[in-house]
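Because the structure is a prediction, the values reported are computed rather than measured. Chain letters run A, B, ... following the sequence lines, proteins first, then strands; residues in each count from 1. Just the heavy atoms: all of them, side chains too, but no hydrogens, waters or symmetry mates, feed the values below.
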Protein chains: 2
Amino acid sequence: MGEILNISRKEQIVDRAAKLFKQKGFAATSMRDLAAELGIEAASIYYHFKSKEELLEKVCFDMADKFITNAREVNDIYFNAEEKLRMAIKFHIETITENQNQSSVFLSEWRNLSEPKLKLFRQLRQQYENQFTIILADGEKEDIFDDVDKKFAVLSILSTINFINEWYKVSLIRLCMISV
Amino acid sequence: MGEILNISRKEQIVDRAAKLFKQKGFAATSMRDLAAELGIEAASIYYHFKSKEELLEKVCFDMADKFITNAREVNDIYFNAEEKLRMAIKFHIETITENQNQSSVFLSEWRNLSEPKLKLFRQLRQQYENQFTIILADGEKEDIFDDVDKKFAVLSILSTINFINEWYKVSLIRLCMISV
DNA sequence: CCCATTACCTAACGAATGTTAGACAAATGT
DNA sequence: ACATTTGTCTAACATTCGTTAGGTAATGGG
């Protein structure tokens, strides 16, 4: 089997891993659990990944990359701060709803990472939050936003959006999709 | 040593357990971790509690009890729906900030419970949410609140308040305490 | 003074965990 | 046709896990 199927299989494993990590938590998910989900033996996973933690890293850092790329794109393309904030939130919501399992892992299971990856992850998350801080600061300069505690404001915004993760079910897609 | 010290020791164990469960997660916390935190051997914990899960149950159900008691008290004492909501939120915030470790476990680690306790826990949480739903329904009858999707509204309110858990540090007590 | 209780200890158990080694069949390339 | 790569398997490993059994000081009431 060639490179294409290899990639696809790896992605399938990561996908199922994210599903289980969300469902039971990273620590409570065993490699045998994951293997059973895939219909193979635990040892077989090690042909594709070198450790359980590597699976967690893949999910966490892939999502971090998605979020950061989106936010940077917003800050590059749009000019108006209100428009920027609107788009940043829209992208964030889309990323969450389109990757529910991986998002849950990104939001809750990252603390199971061990150093030095844990530190790196924290930095990336900070970078993402910084993109929002920049937008708020821009808006203040443009006199569209009030002068607020930006660190607090960003955390408020994100935690409010991330709440989606607790009630959003795929079956409701576009039933109550927020129009932006 | 008498009953008083016994209770105190049990409470100390639960307290440290909650701290570790919040820090590392329930599944990632071993009885040996907890014992080390207490300066004793893992086996000694079993003199006070019959299993690791019992510790989780104690934290989860004690907190559930606190939340429900508060909410019922609010619904019993106050008459105006707006006042009720205000007080319910105030009590919720106080309970969270005064029991940060236990609250985190209540909010995130409860899923590590196994049946039938898991089902019972879900029911208690539902009961708590119902108290908020009642308040919103009262307010609607009193024409102070709009007719909204109450289930969604309650989840929104709670998730917004619970966000406190992610930024609140004891060192900031009363520095930015929300006045209600 | 003795006995029961309290709160801990050491030692060990079986089960589950993450992971490795090595074999094997199927597919692929030459 | 043969050799290699790919993806899986079985078997086993060392470690860690939750938990139990049994022992041992210290405490305190009769």
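For the pair A/Arg32 and A/Glu41, nearest-nucleotide mapping onto DNA chain D gives the more 5' position to A/Glu41. Remark on DNA chain C: of its neighbouring residues A/Ala27 and B/Ala43, the 5'-side contact belongs to B/Ala43, judged by nearest-heavy-atom nucleotide.
Taking the side chain as every heavy atom from C-beta outward, A/Lys24 and A/Asp33 approach each other to under 4.5 Å. B/Leu55 places none of its side-chain heavy atoms less than 4.5 Å from the side chain of B/Val59.
When each of A/Phe121, A/Phe106, A/Phe91 is checked for a ring-ring contact (aromatic ring centres under 6.0 Å, His included) with A/Phe67, only A/Phe106 meets the rule. Tested against B/Lys150 for a side chain to side chain contact (heavy atoms under 4.5 Å, CB included), the candidates B/Leu155, B/Thr133, B/Ile135, B/Ile134 yield a single pass: B/Thr133.
The phosphate of D/dT16 (OP1 or OP2) has no side-chain N or O of B/Ser30 nearer than 4.0 angstrom. Using a 4.0 Å cut-off, no side-chain N or O of A/His48 falls inside it from OP1 or OP2 of D/dT6. An OP1 or OP2 oxygen of D/dT8 is reached within less than 4.0 angstrom by a side-chain nitrogen or oxygen of A/Arg9.
We find that CZ of B/Phe49 is positioned 15 Å from C1' of C/dC8, with the value rounded to whole Å. In this structure, the CG atom of B/Leu34 is 12 Å from the P atom of C/dC8, given to the nearest Å. One can place CZ of B/Phe26 at 10 Å from C1' of D/dG18, the figure rounded to the nearest angstrom. Here C/dT10 presents its C1' atom at 16 Å from OH of B/Tyr46, a figure rounded to the nearest Å. Between B/Tyr47 atom OH and D/dA21 atom P there is a gap of 17 Å when expressed in whole angstrom units. Regarding A/Gln12, its CD atom lies at a distance of 12 Å from the P atom of D/dG7, rounded to whole Å. Look at CD1 on B/Ile45: it is 13 Å from C1' on D/dC17, rounded to the nearest Å. Between the CE atom of A/Met31 and the C1' atom of D/dC17 there is a distance of 18 Å, rounded to whole Å.
At the heavy-atom level, A/Ser44 lies under 4.0 Å from base atoms of the strands shown.
In terms of modelled atom types and a separation under 3.5 Å, the side chain of B/Lys52 and the main chain of B/Thr29 share a donor-acceptor contact.
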